Colleague: 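The structure under discussion is supplied below as structure tokens; questions concerning it will follow.
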Amino acid sequence: MLIATWNVNSLRARADRVEDWLRRTDADVLAIQETKCKDDNFPWELFEMNGYEVAHFGVNQWNGVAIASRVGLDDVERTFADQPAFGKGGKDPIQEPRAIAATCGGVRVWSLYVPNGRAREDEHMPYKLSWLDTLNRQAAGWLAENPDAQIALMGDWNIAPQDDDVWDIDYFVENELTHVSEPERAAFDAFLDTGFVDVVRPHTPGPGVYTYWDYTKLRFPKREGMRIDFVLASPALAERVTGASIDREERKGKGASDHAPVLVELG
DNA sequence: ATGGTGGTACAACCA
């Protein structure tokens, strides 16, 4: 079984790319982030015509997550328990559409779009950190309930956990940029402490291996990217992993997302 | 010059 995650940066703008990609890779499950639409605008036919069931969680033009599967799509869940809400300036806080789950072929798949902290002192940063902390607590509970659970926490984590996960760590440190700060890395590492495993890194060793390249500043041709998209597997699922890859080719050409798909093969 | 883009309620906001 082949499972994958991909921040598409608008599903409508990327519909042809996504369809071509599904046909080319023959993926069984695709966790999607940044659909950037509500249900009314969601391209349901794209998936149905290609043999996939799909579940979507989107409320406006921001964020939005989905799971497409052709190995079953059961017990769909939107948001995780106690998921922190956010409202800019403290008004009208909502639980943003950043997490959706479904059971696909026996695997509990979560498509996650972790909030961007914007800046180290921005109000989005504590939101990001509490969002991750709450998710980790829930995930710990799932494992405590069933140590053999096959769970995939996959998506755009907006964190570069190691120095090699950005093209120039000195640039990030000197400019006090996000994604590499100590609190963000601690929030990511907490999932590893819980027992989850980054199952992609062993098959795609760095340095210089990334999943995201900013559209600006010629970042992609200059190979200046960041590894911020991850598949964290529960122990039982990690044992099944036989391979993983980052589809850097998909970042090429006109009309590409700024993120590359990340794929995991299960035996 | 570590700038250059690209997505979305088309106008600012988001990454």
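Residue numbers start from 1 in every chain, and the chains themselves are labelled A, B, ... in the order their sequence lines are given, proteins ahead of strands. From a predicted model like this one, the values you see are computed outputs, not experimental measurements.
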Colleague: Rounding to the closest angstrom, what is the interatomic distance between B:dG3 and B:dT8 at atom P?
Modeller: 26 Å

Colleague: How far apart are the closest heavy atoms of A:Trp167 and A:Tyr210, and which atoms are they?
Modeller: CA-OH, 3.1 Å

Colleague: Is there any protein nitrogen or oxygen under 3.5 Å from a nitrogen or oxygen in nucleotides 5-7 of chain B, and what are the pairs?
Modeller:
residue: B:dT5; atom: O4'; partner: A:Tyr215; partner atom: O; Å: 3.2
residue: B:dG7; atom: O3'; partner: A:Ser10; partner atom: OG; Å: 3.2

Colleague: Apply the side chain to side chain contact (heavy atoms under 4.5 Å, CB included) test between A:Trp213 and each candidate in A:Lys222, A:Glu224, A:Arg248; give the one that qualifies.
Modeller: A:Arg248

Colleague: Of A:Tyr212 and A:Val59, whose nearest nucleotide on DNA chain B comes first from the 5' end?
Modeller: A:Val59

Colleague: Let me know the distance between CG of A:Asn116 and C1' of B:dC14, rounded to the nearest Å.
Modeller: 9 Å

Colleague: May I have the distance from A:Asn63 (atom CG) to B:dC13 (atom P), rounded to whole angstrom?
Modeller: 16 Å

Colleague: Could you tell me the separation between the CZ atom of A:Phe86 and the P atom of B:dC13, rounded to a whole number of Å?
Modeller: 14 Å

Colleague: What is the separation between atom CE on A:Met125 and atom P on B:dC14, rounded to the nearest whole Å?
Modeller: 15 Å

Colleague: So, A:Arg24 and A:Glu249, do they make that salt bridge, N to O below 4.0 Å?
Modeller: no

Colleague: Grab the CE-P distance between A:Met226 and B:dT2 for me, whole Å please.
Modeller: 18 Å

Colleague: Do any side-chain atoms of residues 259-267 of chain A form donor-acceptor pairs under 3.5 angstrom with protein atoms, and if so which ones, sequence neighbours left out?
Modeller:
residue: A:His259; atom: ND1; partner: A:Asp229; partner atom: OD1; Å: 2.9
residue: A:His259; atom: ND1; partner: A:Asp229; partner atom: OD2; Å: 3.2

Colleague: Within this structure, what is the NZ-to-C1' distance between A:Lys128 and B:dC14, rounded to whole angstrom?
Modeller: 14 Å

Colleague: Heavy atoms only, 4.0 Å cut-off, all strands: where does A:Tyr113 land among base, sugar-phosphate and nothing?
Modeller: sugar-phosphate

Colleague: Looking for any heavy atom pair under 4.0 Å, which part of the strands does A:Arg219 touch: base, sugar-phosphate only, or nothing?
Modeller: base

Colleague: In residues 138-148 of chain A, what donor-acceptor pairs under 3.5 Å come from side-chain atoms, sequence neighbours left out?
Modeller:
residue: A:Gln138; atom: NE2; partner: A:Ala81; partner atom: O; Å: 2.9
residue: A:Asn146; atom: OD1; partner: A:Asp148; partner atom: N; Å: 3.0

Colleague: Would you call A:Arg185-A:Glu182 a salt bridge at under 4.0 Å N-O?
Modeller: no

Colleague: Determine the Euclidean distance between corresponding C1' atoms of B:dA11 and B:dG6; express it in Å to zero decimal places.
Modeller: 15 Å

Colleague: Dot-bracket for DNA chain B: what is it, with Watson-Crick or G-U pairs under 3.5 Å, [ ] where a pair crosses earlier ones, and | for a pair to another strand?
Modeller: ....((((...))))

Colleague: Given atom CD of A:Gln61 and atom P of B:dA11, what is their separation to the nearest angstrom?
Modeller: 14 Å

Colleague: At 4.0 Å (heavy atoms only), tell me whether A:Asn175 reaches a base, stays on the sugar-phosphate, or touches nothing.
Modeller: nothing

Colleague: Taking only the P atom of each, what is the distance from B:dG4 to B:dA9 in whole angstrom?
Modeller: 24 Å

Colleague: I'd like to know if A:Arg108 pairs up with A:Glu77 as an ion pair, taking the criterion as any Lys NZ or Arg NE/NH1/NH2 lying under 4.0 Å from an Asp or Glu carboxylate oxygen.
Modeller: yes

Colleague: What residue pairs, at least two apart or across chains, pass ring-ring contact (aromatic ring centres under 6.0 Å, His included) with a residue in residues 25-45 of chain A?
Modeller: A:Phe42-A:Trp44, A:Phe42-A:Phe47, A:Phe42-A:His56

Colleague: Check whether the side chains of A:Asp82 and A:Thr134 place a donor and an acceptor atom closer than 3.5 Å, and report yes or no.
Modeller: no

Colleague: Return the value, rounded to whole Å, for the distance between atom CD of A:Glu34 and atom C1' of B:dT8.
Modeller: 10 Å

Colleague: Which is true for A:Asp258 with a 4.0 Å heavy-atom rule: it touches a base, it touches only sugar-phosphate, or it touches nothing?
Modeller: nothing

Colleague: Please tabulate, one pair per line, all N/O donor-acceptor pairs under 3.5 Å involving side-chain atoms of residues 155-162 of chain A, not counting sequence neighbours.
Modeller:
residue: A:Asp156; atom: OD1; partner: A:Asn158; partner atom: N; Å: 3.0
residue: A:Asp156; atom: OD2; partner: A:Asn7; partner atom: ND2; Å: 3.0
residue: A:Trp157; atom: NE1; partner: A:Phe230; partner atom: O; Å: 3.3
residue: A:Asn158; atom: OD1; partner: A:His179; partner atom: NE2; Å: 3.0
residue: A:Asn158; atom: ND2; partner: A:Val114; partner atom: O; Å: 2.9
residue: A:Gln162; atom: OE1; partner: A:Arg201; partner atom: NH1; Å: 3.4

